Each structure stands twice: as structure tokens, then as C-alpha cells.
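This structure is a prediction, so every number in the text was calculated from the model and none was measured. Read the numbers this way: they start at 1 and go in the same order the structure lists the ligands and their atoms.
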Amino acid sequence: MFGKNKSKAWRQLESVYKHFRKTEMKDLFAQDKLRGERYSEQLDTMLVDYSKNRFDDNVLKALFELARERGLKEKIDDMFSGKKINATENRAVLHIALRNRGNTPIYVDGRDVMPKINATLEKMKDFSEAVRLGRFTGYTGKKLTNIVNIGIGGSDLGPFMACEALRYYWAKDIKCWFISNIDGTGCAEVLNKIDPETTLFIVASKTFTTIETLTNARTCRKWLVDALGEHAVAKHFIALSTNKEEVEKFGINPDNMFEFWDFVGGRYSMWSAIGMIIAIAVGYKNFERMLEGAYAMDRHFAETELEHNIPVILALIGIWYNNFYGIHRHCVVPYDQYLQYLPAYLQQLDMESNGKSVTLDNKYVDYATGPVLFGGAGTNVQHSFFQLLHQGTEVVPIDLIVPAISHNEIGSHQQILLANVLAQGEALMRGKTEAETAEELEAAGKPQTEINRMKKFKSFSGNRPSTTIVLKKIDPYGLGMLVAMYEHKIYSQGVIWNINSFDQFGVELGKKLALKILPELQGTAHNVEHDSSTSNLISYINKIRK
Ligand code: F6P
């Protein structure tokens, strides 16, 4: 398809690239006064301006041709109709069913999945409300106000990111805590601050076999039992999982289990029972609004022609950079403190989904797939890695995400923030030539020698791409739209690269090796064969820990 066996659309893009690659965005803006408007799409209260990217109509046409050639529209339909598009695991991929507010039937193996999804949502609603209203209390009758999510990866990052994003909506008396990492620090730091009588532990694990989560959960269980006795467990522990057997083995009553299914990938699961802590923190109605926002994006993705389809456009622009410009990086900068964990969340979503090297036809790819994704909250990161974005040798396409209205409109804070985000996009695109810099220095009264010495250091090459995403507010609905937009972008890219975005075999090898090394650190195995570096590190660590 690509690489050695290039398709027609691919070859066409290569030839378009040859002619286009030196084109400067500032010239495109000068030629087309309506470029900003023409290359913006709006969905409800979200505006996506992708005009500050390196393309013209010709490039776009060739990119949409590639999407057609790859059968993207049909592949979107396949996802929404419950086809087993996770081919390597023979599973349907139905995070979209979790927020299917239209409740239209979606069949997997001839059975509609909606009734069980609706039943779990109903159970989540009852439980989250019971906790919030103090109807479901702890063992000693006290209200549960410390809610601790124990999970890792998709069973942590989604709920954590969303809880932080929606912190403004938290019930005043509820505090959310997250324990994910395996070192004792996460557990210790949380357990030191909470009271067993008012604590609800949510053990979140799709498989219920993840060593970090189960180890942390056991430690928390012991802490609770030591304080309140074995009988208290039923009132202080619930499980979110697809694995009833393991939940029971762990000692959590199946009545306290909230189910989801193998058609929900871990990193796509915050819309499922995995979102329980979100529902408790912000209330079920707000959780539902988040589902509605995602549903709006789902409908847009499923129904809008490719040329105006936001996730598809973003996916194609990413492909353009990745496979033609050879830019294998992507940066996400949300300009809102509430969204500070979005980049970490998207790292898993994107890199675990599209960090693949084998095609669905069981061949090694000979083209680049998923980019390295990083980011952080603006304006903070303007004062850290933006130097490289503006003047470094690497070109890094960036998503700038900002709410027009802040939940905390204090003085002119929000206007300053908005001015900054807009300025960054403009500066990255326009840059500043040496001549402009020289002029500026001259106007500032600098002597010619100083101007000559400084003009290179102070100029900016420009032509650096950005996409600006404006939300009305960081509210549950907007968050739902935003996250679903990235999910669908990632799927669209996976389709074009012909990879399975929904497995993650790449995380297995290290997990298995850790189990081999563990007994060596516990002193129950010796002289296990490793490379000399690993053996040396093991003996150094064992020595220092004695
Ligand atoms: O190790 C990666 C992974 O399998 C992720 O895909 C998943 O989100 C995470 O671990 C946690 O898995 P589980 O929810 O089964 O505990």
C-alpha cells in the first residue's frame, strides 16, 4: 500500500509534496484572505481552526483521496456497526456504544449490546447518587467523602484527567484520590491523608490481573481491615472490571462490581463503569453530559462527509506531516489548568493505539506510524519547551486548546491567557525574518554591530504548524467532544496506516521480564541469565538494599 508498494493516492501525495514542500504558510495566508475561515470547522460550541497547517486545496484533495482509497468511510461504519475491527484480538470496538445516547441497537455476535450498557449506566447512576447523598455510607455509618480510584493506564488516566478537567463541578464535600504507581509512595501518600471510615476504594481494572493495581488494592484492603475489620470491606470497596471471577477471588462482593466488556479498550474506557469516580465527583447528570458531548462528536464523525469531518481532517494533516514531511512528533497544549493532564491521557490514547509496526495484513510496515506525543498546560510550557518549538531544528505540529470562557474569570486573567494562545499560533506560523529583526533592533536604537551580531539569534523561521481548538468552556459536554475527537482522529490514522489501533501487545514483554526479575530482588532466585548490564544492575541494587 505505502512504502515499497505505493498506492495511487500515495504516489500522488508524494508528487504533490515535491511541489508543495517549500511553500510557506504566511504566503498562503497572504494569497487567501479567507484562509482562516475556510479551514475552520465548528461543532456545537467547539471551533477547530486548522488553517495554520502546511497545505493548500491541492494537498487536501490528495489527502482526502488517500482516505477514500483506504476505505475510511466504510471503516468508520464498521466501527459503529459493531464489526470486530480489533482483528488481532477478535473483538468489536465499541466505546461509541457507551455513549450512544440515541440508544439505537448495536449488535455484536447477533446480540444488541445496548441493554447491558444501559443497565450498567443505571446502576452507576444509583450508586454514585447514593454515595453523593450519603445514602450509601461506610461501615460505621459515616458519609463516604474520600473516593480513591486504584487503577493504572486506561483505568487511571481517563478518570484522573476527567476528574481534574471537571474539578469545578466537584461536590464540595468530596475529595478524589488516585493510586496508580506500584512504588509504595502513591499508596502511602494517600493513606496518610484519609480516614478509613469515610473512604471508598474503587478498584478499577479491566482484566483484574494487573500487578500494580492488585498490589495497591491489597495494601489498601489491609489498611481498611486493620482499622475497621473484615466486615467493613463490602461497604468500602467496589470493583470496575470485565472479570467477575477475579473480582470475587479478590474478595469483593459481585454486587459491588460494575461491569464493562471486552469491546471496551482500557484507554477508551472512561465512558464506562471506569468513569465511576467521575460520576461520584461531578454527579451523574454531568457524567451524562460528558457522554452527550462524546455522542455529538460520534454522530459528526459517522455522518459528516470527509471534507468537513473534524477527526478525519486532523488525522490526514497528521499523516501529511508524519509520512511526507517526516515529522514524527506531535504536541498538545491545553491552555487551561483544568486540562493539565490531557497530554498525559492522550499519550496513552495515541501512542498505545498507533505505536505499531505490523499491518493488519500481517506485514511489517515500511512507513512511519504513530508519532511521539507530548505536551503540557499553557501558558506554563511557553516558559519551558516552546523555545524549541519556535527556534529548534525540529518542527513540531501543535494543538492549542483553549476555552473562550474560564470558570474562574478573575480580572483580566482569561484575556491574557487568550492573547497568549492566539499569539503563539500566529508567531509559530509567521515567524520573524532576519530583515524584520534588524529593523526592529534599529528602531530600538541598537548600533549596526549589535544588529549584525543579534539578528540571527532573534529571528524566527516560522512556517511552524498549529491547530487551534476553541471550546466555549471546560464543561462536561465540551470535554466529551474533545476526547472523542482525539479517539476518532487516532482511529482514522490507524485505518490509513492499516494497523490495529486497539491492541497493545507492546506492553507485554517488559511485564513478563519483570516477573522473572522479581524473585532475584526478593532473594528467592539467583544467577538467572540476563545481559551483563541487567545482571550488574540487579547485583548493585541488591547490594545497596541490604
Ligand atoms: O499495560 C497496558 C494496559 O494493559 C493498558 O492497556 C491498560 O489500560 C492498563 O494496562 C491497565 O489494565 P487493566 O485495566 O486491565 O488493569
Side-chain angles (χ1 to χ4, degrees), residues 85-86 88-95 98 120 124 148-163 178-183 186-187 201-221 237-252 257-278 341-356 370 373 483 486-487 490-491 494 499-518:
I85 57 173
N86 178 354
T88 50
E89 296 180 311
N90 194 31
R91 291 176 184 168
V93 176
L94 285 177
H95 43 282
L98 302 168
T120 296
M124 279 177 77
V148 184
N149 191 83
I150 307 172
I152 198 163
S155 299
D156 166 68
L157 288 164
F160 181 45
M161 177 278 293
C163 279
F178 291 83
I179 299 178
S180 55
N181 214 343
I182 186 59
D183 63 343
C187 261
F201 290 103
I202 301 177
V203 188
S205 176
K206 180 176 169 180
T207 55
F208 231 78
T209 57
T210 305
I211 191 164
E212 291 93 335
T213 301
L214 292 190
T215 309
N216 282 325
R218 273 188 212 106
T219 300
C220 292
R221 192 181 194 282
F237 269 82
I238 64 166
L240 321 172
S241 188
T242 59
N243 193 341
K244 210 170 180 167
E245 219 180 298
E246 289 298 326
V247 169
E248 271 185 80
K249 258 198 237 164
F250 180 84
I252 294 180
M257 170 176 165
F258 296 79
E259 203 191 356
F260 62 112
W261 310 272
D262 71 0
F263 55 72
V264 180
R267 53 193 175 275
Y268 296 86
S269 65
M270 67 178 227
W271 326 96
S272 72
I274 290 291
M276 178 64 91
I277 193 167
I278 313 172
Y341 297 112
L342 183 72
Y345 170 77
L346 291 178
Q347 261 170 1
Q348 186 197 15
L349 193 68
D350 202 325
M351 292 165 80
E352 201 174 67
S353 295
N354 284 345
K356 311 283 164 68
L373 189 148
V483 174
Y486 279 108
E487 288 177 345
I490 289 164
Y491 176 52
I499 55 175
N500 180 5
S501 302
F502 303 109
D503 59 17
Q504 57 283 317
F505 299 117
V507 300
E508 296 304 329
L509 182 59
K511 282 187 196 174
K512 287 219 174 87
L513 272 176
L515 292 179
K516 189 175 151 194
I517 293 172
L518 182 60

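- Ring geometry for Phe208 versus Phe250: interplanar angle over 60°, hence perpendicular rather than tilted (30 to 60°).
- Ile150 has its side chain within reach of Cys220: a pair of non-hydrogen atoms, C-beta onward, lies under 4.5 Å apart.
- Residues passing the side chain to side chain contact (heavy atoms under 4.5 Å, CB included) test with Gln504 are Glu89, Arg267, Glu352, Val507, sequence neighbours excluded.
- The contact shell of ligand 1, taken as protein residues with any non-hydrogen atom closer than 4.0 angstrom, comprises Ile152, Gly153, Gly154, Ser155, Ser205, Lys206, Thr207, Thr210, Gly266, Gln348, Glu352, Gln504, Val507, Lys511.
- Here Asn354 pairs with Ser501 under the side chain to side chain donor-acceptor pair (under 3.5 Å) rule; sequence neighbours left out.
- Applying the 6.0 Å contact sphere to CD of Glu508 captures more than 12 heavy atoms from other residues, nucleotides or ligands.
- Under the ring pair (Phe, Tyr, Trp, His ring centres under 6.0 Å) criterion, Phe201 pairs with Trp223, Phe237, sequence neighbours left out.
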